[in-house]
4 protein chains.
Amino acid sequence: MRIGIIGAGRISKVHARAVAAHPEAELVLVADPVLSAAQALVAQYGGRATDDPDQVLTGVDIDAVIICSPTTLHAQQVLTAVRAGKPVLCEKPVAATVAEARELEQALAGLDARVMVGFNRRFDPSFAAAKAAALAGKLGEVEQVTITSRDPAAPSKEYIATSGGIFKDMSIHDLDMAQFLIGEIAQLSAVGMNMDPDLVETGDFDGAVVTLVSKTGKVATVINSRHCATGYDQRLEIFGQAGSAVVDNLRPTALSLNTAEYSGAQDPYLDFFLDRYVEAYALELAAFIEAVQAGSPLSPSLHDGVIALELAAAAEQAARTNSTVFLS
Amino acid sequence: MRIGIIGAGRISKVHARAVAAHPEAELVLVADPVLSAAQALVAQYGGRATDDPDQVLTGVDIDAVIICSPTTLHAQQVLTAVRAGKPVLCEKPVAATVAEARELEQALAGLDARVMVGFNRRFDPSFAAAKAAALAGKLGEVEQVTITSRDPAAPSKEYIATSGGIFKDMSIHDLDMAQFLIGEIAQLSAVGMNMDPDLVETGDFDGAVVTLVSKTGKVATVINSRHCATGYDQRLEIFGQAGSAVVDNLRPTALSLNTAEYSGAQDPYLDFFLDRYVEAYALELAAFIEAVQAGSPLSPSLHDGVIALELAAAAEQAARTNSTVFLS
Amino acid sequence: MRIGIIGAGRISKVHARAVAAHPEAELVLVADPVLSAAQALVAQYGGRATDDPDQVLTGVDIDAVIICSPTTLHAQQVLTAVRAGKPVLCEKPVAATVAEARELEQALAGLDARVMVGFNRRFDPSFAAAKAAALAGKLGEVEQVTITSRDPAAPSKEYIATSGGIFKDMSIHDLDMAQFLIGEIAQLSAVGMNMDPDLVETGDFDGAVVTLVSKTGKVATVINSRHCATGYDQRLEIFGQAGSAVVDNLRPTALSLNTAEYSGAQDPYLDFFLDRYVEAYALELAAFIEAVQAGSPLSPSLHDGVIALELAAAAEQAARTNSTVFLS
Amino acid sequence: MRIGIIGAGRISKVHARAVAAHPEAELVLVADPVLSAAQALVAQYGGRATDDPDQVLTGVDIDAVIICSPTTLHAQQVLTAVRAGKPVLCEKPVAATVAEARELEQALAGLDARVMVGFNRRFDPSFAAAKAAALAGKLGEVEQVTITSRDPAAPSKEYIATSGGIFKDMSIHDLDMAQFLIGEIAQLSAVGMNMDPDLVETGDFDGAVVTLVSKTGKVATVINSRHCATGYDQRLEIFGQAGSAVVDNLRPTALSLNTAEYSGAQDPYLDFFLDRYVEAYALELAAFIEAVQAGSPLSPSLHDGVIALELAAAAEQAARTNSTVFLS
């Protein structure tokens, strides 16, 4: 499968690496307005570079498109690619606003759209094993989910300014995981935090706690922070009537140290998503390729992406107004 | 120190055992309307039995009183004991309603009241070590606290009916721990859950998630359940700018098993508070005795108990109304 | 049961505390040539003090004797107590030499001797649970046992000089545990180490590795050190055909810390046997009292003590001669 | 770097995969007497297939050779490749007998031999981090090393018959690790076990415990088994005067389960070396390529391989004769 990538930033590298490593995929084209960035990427992982995204979105030599452009461009690019008959793997969020995301869904309604949204964590072996344990009935009826998700360090203020805010940019992964685990969300409440004084001027929160209730009364709690001294803190607990599944953080090695001061000290957590989710990205791509080839449904779907965006917007509203938001 | 106990139920036994084991304390009197219950207790731990609580509250041979009676009797008994000049260790909650608790505080205002409230978990060596690590600056500025607290199994419907509800009966320990760790609470929101269909008729929740925000913007999340298949699930995370402290569950032994099906499997958690908090109760009593003897302040104070009750009432209100409650 | 203790040193305190805490035992007499030491002990745990051991060994008001005297006195005192009809709990080793131990066994042959040897670790809840898992068949046929046992710090040179050496003084616990877990020992080899230059002049080893083979071909490995920076390192692995049981070290709390330098760091191990084996000593005493009252066999028996001493002597011989020693 | 591989068996696949994944290496030729096996391998990882090993050992289009043939062929093939000027990565053991290995060393003496021996575990990130911690002084003077190494299941009797026995085939990795960690070995003793009755007829042991003493008095203990119900049991402890480093087993995910029966249960260990040491093999190859390109010494060297083989032979002798073997 000949794959083109839009964008040559950090997340594009993750995808380019996964494409290069996949036995049935080939990186053939990378588009970025900064041509040198695209060139650097293809120098490492193969293919041609361009500054014209349309060559990727509509090129005859492209079998599938991975969209890693700025969020504001996602909807239009997805639409263009679908109209050109290309299957699309689009990074989250699917659009900058809920309205835009819904418009995209409507615009795609009649078309034979093949769109998958990049909620890579669904493919993480540990999280997937936790969900599998739940589905296999090992936990009994699932009742409470707790997701702890903290980045090692805040991005730059410039990034934050265009990120759409913590809920759309960061929490959205966890909100998707919440609905993935407890089902359709009926209501949520949220608290936004300003922990780092330097970030207050961004107008964005740098921490959050979101509580989501599903239509069937299950509850998920999402705990977020833009910083974490020990690394990329990514944990999950699924609590059910018969037991619970817990996913701990990963460390680079299986080593622990015992000294006069402490015992059992392991390394800090893997530092960020490039390390922590390297397998998840590879499995995500593999699932995308397999479903495209088989003509089977792509999951997480565009609709999953729209819902996650709605949850992110609702969480922001809840945090800003100190009120519970009911999803329609 | 000659100690009298009001009540001869489950929690009274915990205190009686702690008194018997303390080198400077002696159990001299236990009062319970069911005289045989009181007799059974003193048969094991020493002292006399009576069905008249006033003998404990005002007896000349009593140096200090531990109140383990039904909640509705707490306020009046504390007042009686204080008027008789007795130091009091009163089980939580300090009263059945916030109004009653505030009245008690006012009634005690002029008196030289020596009242400690039984938030035993503050004395748990693991939780205390976590707080000490925070106070010692090892975690940097504390930002987020997560308290998971699940009972192994729900009490009887009869007990639930008179318990005051999950927030006053069970969450109150965690709400106290929250304010103990993040300081005075400014606002909270809560979700109540009905997980066990059999308990719906009680009108009480059997699960809850409470999110508390302190006056300084720190956030604590409390996750509660009336049941937990693996035992008494009592965990804590204090997350700060420079690190985090995590208290895991305790197990009866240091054994783990490896088989063809799994590895590292430990025993289920200690089953309930009698096992899990046996040291905490002993340390609580020791702190009470030491402070009484030294004339130093008793902590947690009656006021801590009133605040915790206010938080519990606020959490109930938040859960019933799906709204954020602001503490005055 | 009225109990007398011979000796008022460190291990005597452990036993005195256990006696005081046992509901059916009472400390009535402590004998030590240093009368003030005996007085200090009874001041804390009750009873009278004397400098005459015979008052304990033969006293009419004594129902059972705990012998914590120097090793060279054990055999004679056990004999005296048995002749006086007293059940005895004797600290390990049962004698200073194998010859002396065998003589004691012979001397006791015709008498109705009730003697238990203080291999307290057999009663440790974690080790006992590991053995119980093996006996319950959870591990399949037991094949390999690994015992790691390291003291936090070496005793004084004076103590070492009279200790009988590392094998009789320290390893003997582990050698007993080995035969307790894999059965009668057919042969062993050993390496002695001199790690701390300061201790070389004692002529004793301060580290050892002993490999024991049972008559049925199972193998136990014992790894010893007189020092361990992280505390009292006491671990066990029982490996069987269907699985393994592992006992990890105990820590004072369930707290772990995560910082920028490390994650999951727990406290150092419990520092020494007073903390690590407090429950084991209490359960050992309880088993002694229960067996004495029931007239049932005392275990570990005097013969277990003799065998352990033989193993210790064989290990010393093996280490000194670099040869395998075959037990007869 | 154009790489040829001799052999197309299980371990060849590991190396072929590593070559294919290395950015500077290319698999160009695979030789196996079973041509179809060689063809299958190159179909997956690239290059040509042949049944003539000399094409690999001396081919002009070959920059380096990886030898994965049966052990009895190693020495001659290494010699041939070296004479043809090829750098060699040779699987362990370097020869079938110590005599043969020494002859090889002598034969290579005058030549500019570039030979590395495949002790892949030295490159395992966890073991390497443990050694690095020791080298960095975090453990103080290293004193005792414990290596536990158990295969998930015994190979076929046919394989065992030609394997050279457990010490040369399996323990040799651990014996190399022992000398890697405590330095040159002065003496060793060993116990061989026959645990599985089905394997007795092979005449080989299926379990072993080896105790090695270095010239400086450090001690390493190696515990081996041909089977382990929970998977591939690969652990290491380095104990030093100031602390210890422990490498635990790896699991496929970071998931643990809590039920009414147990808590903290993780998956069984990774099943075998293909999973457990995949990173180690890649890093081994990278080190080989880097050293070849830089002209720097190859490590582990052929001499390391000879020493490990001597240790394996000595362990066998010690186990067969129940005696301590002194290395010259």
Side-chain angles (χ1 to χ4, degrees), chain A residues 138-146 148 150 186-197 200 205-214 216-230 233 235 237 239-244 246 248-249 268 318-319 321-326, chain B residues 138-146 148 150 186-197 200 205-214 216-230 233 235 237 239-244 246 248 268-269 318-319 321-326:
Chain A
K138 291 184 186 176
L139 315 180
E141 186 77 13
V142 169
E143 298 172 332
Q144 296 177 328
V145 166
T146 308
T148 305
R150 297 179 177 122
Q187 66 177 78
L188 63 75
S189 59
V191 168
M193 302 177 69
N194 287 109
M195 299 182 285
D196 182 347
V200 171
F205 301 116
D206 64 349
V209 176
V210 186
T211 309
L212 306 99
V213 185
S214 78
T216 56
K218 304 175 198 310
V219 174
T221 304
V222 172
I223 298 168
N224 287 140
S225 167
R226 285 281 199 193
H227 61 258
C228 176
T230 314
D233 188 6
R235 285 173 292 148
E237 181 188 70
F239 172 80
Q241 206 150 11
S244 61
V246 173
D248 193 9
N249 282 303
T321 61
N322 274 313
S323 63
T324 299
V325 174
F326 297 85
Chain B
K138 292 184 185 175
L139 314 180
E141 184 77 14
V142 169
E143 297 171 334
Q144 296 176 328
V145 166
T146 309
T148 305
R150 297 180 177 121
Q187 66 178 78
L188 63 77
S189 60
V191 168
M193 301 176 71
N194 288 108
M195 299 182 285
D196 183 347
V200 172
F205 301 116
D206 64 349
V209 176
V210 186
T211 309
L212 305 100
V213 185
S214 78
T216 56
K218 303 176 199 308
V219 174
T221 306
V222 172
I223 298 168
N224 287 140
S225 168
R226 285 280 198 195
H227 61 259
C228 177
T230 313
D233 189 4
R235 284 174 292 150
E237 181 188 69
F239 172 80
Q241 207 150 13
S244 61
V246 173
D248 193 9
Y269 321 138
T321 61
N322 273 312
S323 63
T324 299
V325 174
F326 297 84

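Throughout, protein chains are lettered first and strands after them, A, B, ... in sequence-line order, and every chain is numbered starting at 1.
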Side chain, backbone, both or neither: which part of A:Ser189 has a heavy atom under 4.5 Å from chain B? side chain

Kindly give the heavy-atom pair with the smallest separation between B:Gln144 and A:Asn224, and that separation in Å. NE2-O, 2.9 Å

With a 4.5 angstrom heavy-atom cut-off, which part of A:Ala318 approaches chain B: side chain, backbone, both or neither? neither

Toward chain B, the part of A:Val219 with a non-hydrogen atom under 4.5 Å: both

Residue selection (most heavy-atom pairs with chain A, distance under 4.5 Å) from B:Asp233, B:Thr211, B:Thr324, B:Thr146: B:Thr324

Working note: B:Asn322 + A:Phe326, criterion side-chain contact (heavy atoms from CB on, under 4.5 Å); need CA distance, chi angles, decisive distance, verdict. CA-CA 10 Å; B:Asn322 273 312; A:Phe326 297 85; 3.9 Å; yes

What residue, out of B:Gly243, B:Ser323, B:Pro268, B:Ser225, has the most heavy-atom pairs lying under 4.5 Å from chain A? B:Ser225

NZ/NE/NH1/NH2 to OD/OE distance under 4.0 Å, A:Arg150 and B:Glu143: no

Pick from B:Asn194, B:Val209, B:Leu139, B:Thr230 with the largest number of heavy-atom pairs that fall under 4.5 Å of chain A: B:Val209

Please check: side-chain N/O of A:Gln241 versus main-chain N/O of B:His227, any donor-acceptor pairing under 3.5 Å? no

For A:Asp206, is it the side chain, the backbone, both, or neither that has a heavy atom closer than 4.5 Å to a heavy atom of chain B? neither

Check each atom of B:Ala190 against the heavy atoms of chain A and say whether the ones under 4.5 Å are side chain, backbone, both or neither. neither

Find the distance between CG (B:Asp196) and CD (A:Glu141) and round it off to the nearest 0.5 Å. 11.5 Å

